[in-house]
There are 2 protein chains.
Amino acid sequence: MARRNEHSKAQLRTLAIAAVRAIVAEQGPDKLSVRKVAEHIGYTPGMLYHVFACLDDLILHANAVTLDGLLQRMQAATALSPAEALQTMAGQYLALAREEPHLWQLVFMHRMPQAAAVPAWYQQRTLQLFVLVEDQMARLSAQQDAAAVHLAARTLWSSVHGISVLAVENKLSIAGDVDETAMLQSLIHHYLASWARNSVNGDDA
Amino acid sequence: MARRNEHSKAQLRTLAIAAVRAIVAEQGPDKLSVRKVAEHIGYTPGMLYHVFACLDDLILHANAVTLDGLLQRMQAATALSPAEALQTMAGQYLALAREEPHLWQLVFMHRMPQAAAVPAWYQQRTLQLFVLVEDQMARLSAQQDAAAVHLAARTLWSSVHGISVLAVENKLSIAGDVDETAMLQSLIHHYLASWARNSVNGDDA
DNA sequence: ACCTGAACACCGTTCAAGT
DNA sequence: ACCTGAACACCGTTCAAGT
């Protein structure tokens, strides 16, 4: 058949990425396949290997779109006070997980095969996310050195991530329902209360 | 061929579970397959469907063994003071993730297909894990009602989980190395410091 | 009754061959 | 140059048929 130049390489990439997101949003991450993506955009599976290195490469590009949306939502909170900003950002993290659980799972629960390295253009987005948190932590406690802020930001955000992961997977509802929003609020309130206080004293135990 | 009664049904189950754990420990969760398990114990793939409902059922049984080991390790810490017990339990959680990353991943990153219900005999083990944490939280703050302890235990342990997940996936090493043990210590120290104090005042914001 | 062997309906990936 | 079609080496699962 060979439908020449009906779409440019860039268009094919965009089409494929959109197809991935549509399939995953509807059917879930485990139902995604190269063959389905190809069928969705009217091409052959083999074509996709002309525009992407492999399925994981395609998934990473689809995840970048989701990640950019999350970053935008989180950036909107930077005008608030540090504590409010962090609470709002955590809320946005959980909100995305609830609104688009499948796309969220594709981003945050996708593993590279045998711990292969994530490309730099993708890592840069994950880094931006941590930097947003770090900035607010630094505002909260100007006395702390960069290493302490670095550690605390990663501690707090990994914790937010953990709560969101278990919430999306419904692994928290066992033995009594829980309110994930209340969990995030409790985490951030208590962690920051002690951390900001100790940072004045220079104690970082 | 049909090798009759060479192994009992119970023996076949034990053999298959051990094979799953051996294959995953060596090659990682994504390299596991029904066919490999069967070959590993000298049987045909079809046989496994006589002793297990499906691959996920078999995985759940393999995970139960890992989970029981973790529970034992965590239970050894119950003699310590509440804060020390929680620090030690979190350390055991991370230690397992580091010693047996693949088996840890099989337990904590395995998703049931389309959010299918986890069987009761398995949920009971996850519950035991939370109860261990809850007991220590209750000891820390006798004044709090059960609901508050419930929420705080799940908040803290989901956070420990989040830190361990990102540590195992090496998603924390971007932009400067981090010490996961220091993160766990920071989390537990600061969360408990504020939570235990506020619980005396009856404030649970 | 216990287990096999072969099939069914899928996968990701590659690449010679067609236009 | 762009894309196909067919193959390769895998999957999980089922089930009639053999012992």
Side-chain angles (χ1 to χ4, degrees), chain A residues 1-17 19-21 23-24 26-63 102 106 110-116 119, chain B residues 1-17 19-21 23-24 26-63 102 106 110-116 119:
Chain A
M1 208 177 276
R3 31 148 106 196
R4 289 171 173 274
N5 295 348
E6 195 169 306
H7 296 291
S8 73
K9 208 158 180 172
Q11 280 177 317
L12 287 171
R13 289 169 70 92
T14 308
L15 281 170
I17 290 166
V20 167
R21 290 172 52 83
I23 293 164
V24 169
E26 283 170 27
Q27 308 178 37
D30 44 312
K31 299 294 177 189
L32 178 68
S33 75
V34 174
R35 289 169 144 93
K36 271 188 196 163
V37 172
E39 193 197 27
H40 203 273
I41 61 178
Y43 280 85
T44 294
M47 184 237 87
L48 290 167
Y49 292 83
H50 263 264
V51 243
F52 292 101
C54 59
L55 178 57
D56 277 303
D57 182 33
L58 173 51
I59 288 174
L60 244 35
H61 280 86
N63 284 347
H102 290 153
L106 194 69
H110 175 253
R111 305 188 281 285
M112 287 281 109
Q114 98 251 356
Chain B
M1 207 177 278
R3 30 151 107 195
R4 288 169 174 277
N5 295 348
E6 195 168 308
H7 297 290
S8 72
K9 209 157 180 172
Q11 280 176 318
L12 288 172
R13 289 170 69 92
T14 307
L15 280 171
I17 289 166
V20 166
R21 290 172 53 82
I23 293 165
V24 169
E26 283 170 28
Q27 307 178 39
D30 44 313
K31 299 294 177 190
L32 178 69
S33 76
V34 174
R35 289 168 145 91
K36 271 187 196 164
V37 173
E39 192 197 27
H40 203 273
I41 61 177
Y43 281 85
T44 295
M47 183 239 89
L48 289 167
Y49 292 84
H50 262 264
V51 246
F52 293 100
C54 59
L55 177 56
D56 278 302
D57 182 32
L58 173 51
I59 288 174
L60 245 34
H61 281 86
N63 285 346
H102 290 153
L106 194 69
H110 175 253
R111 304 189 281 286
M112 287 281 109
Q114 100 252 352

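Proteins come first, then strands; the chains are lettered A, B, ... in the order of their sequence lines, and each starts at number 1. When reading the values below, keep in mind they use all heavy atoms of this one structure, side chains included, and skip hydrogens, waters and symmetry mates.
- For B/Leu12 and C/dA1, the CG to P distance is 17 Å, given to the nearest whole Å.
- With hydrogens and angles ignored, the 3.5 Å screen pairs a side-chain donor or acceptor of A/Gln11 with a backbone N or O of A/Ser8.
- For A/Pro113, the side-chain contact (heavy atoms from CB on, under 4.5 Å) partners at least two apart in sequence or on another chain are A/Asp56.
- In this structure, the side chains of B/Leu106 and B/Val20 come closer than 4.5 Å at one or more pairs of heavy atoms.
- Atom OH in A/Tyr43 sits about 13 Å away from atom P in D/dG5, given to the nearest Å.
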Inset, instruction - Would you please test A/Tyr49 and A/Val34 for side chain to side chain contact (heavy atoms under 4.5 Å, CB included) and show each step? - result: CA-CA 10 Å; A/Tyr49 292 83; A/Val34 174; 3.6 Å; yes
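- Rounded to the nearest 0.5 Å, atoms NZ (A/Lys36) and CG (A/Leu32) are 8.0 Å apart.
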Inset, instruction - Go through the steps for B/Phe52 and B/Ile17 under the test side chain to side chain contact (heavy atoms under 4.5 Å, CB included), then give the verdict. - result: CA-CA 10 Å; B/Phe52 293 100; B/Ile17 289 166; 4.0 Å; yes
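- Within 4.0 Å of B/Leu48, counting heavy atoms only, lies no atom of the nucleic acid at all.
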Inset, instruction - Let me have DNA chain D in dot-bracket notation, would you? Count Watson-Crick plus G-U wobble pairs, both distances under 3.5 Å, and use [ ] for pairs crossing earlier ones and | for inter-strand partners. - result: ||.|||||...|||||.||
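- For the pair A/His50 (side chain) and A/Gly46 (backbone), a donor-acceptor distance under 3.5 Å is absent.
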Legend entry - Per-nucleotide protein contact string for nucleotides 7-15 of chain C, where B marks a base within reach and S marks sugar-phosphate only (heavy atoms under 4.0 Å, - for neither): B---BBBBB
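- When side chains are defined from C-beta on, A/His102 counts as touching A/Pro29, because their heavy atoms get closer than 4.5 Å.
- Distance A/Glu6 CD to D/dC2 C1': 12 Å, rounded to the nearest Å.
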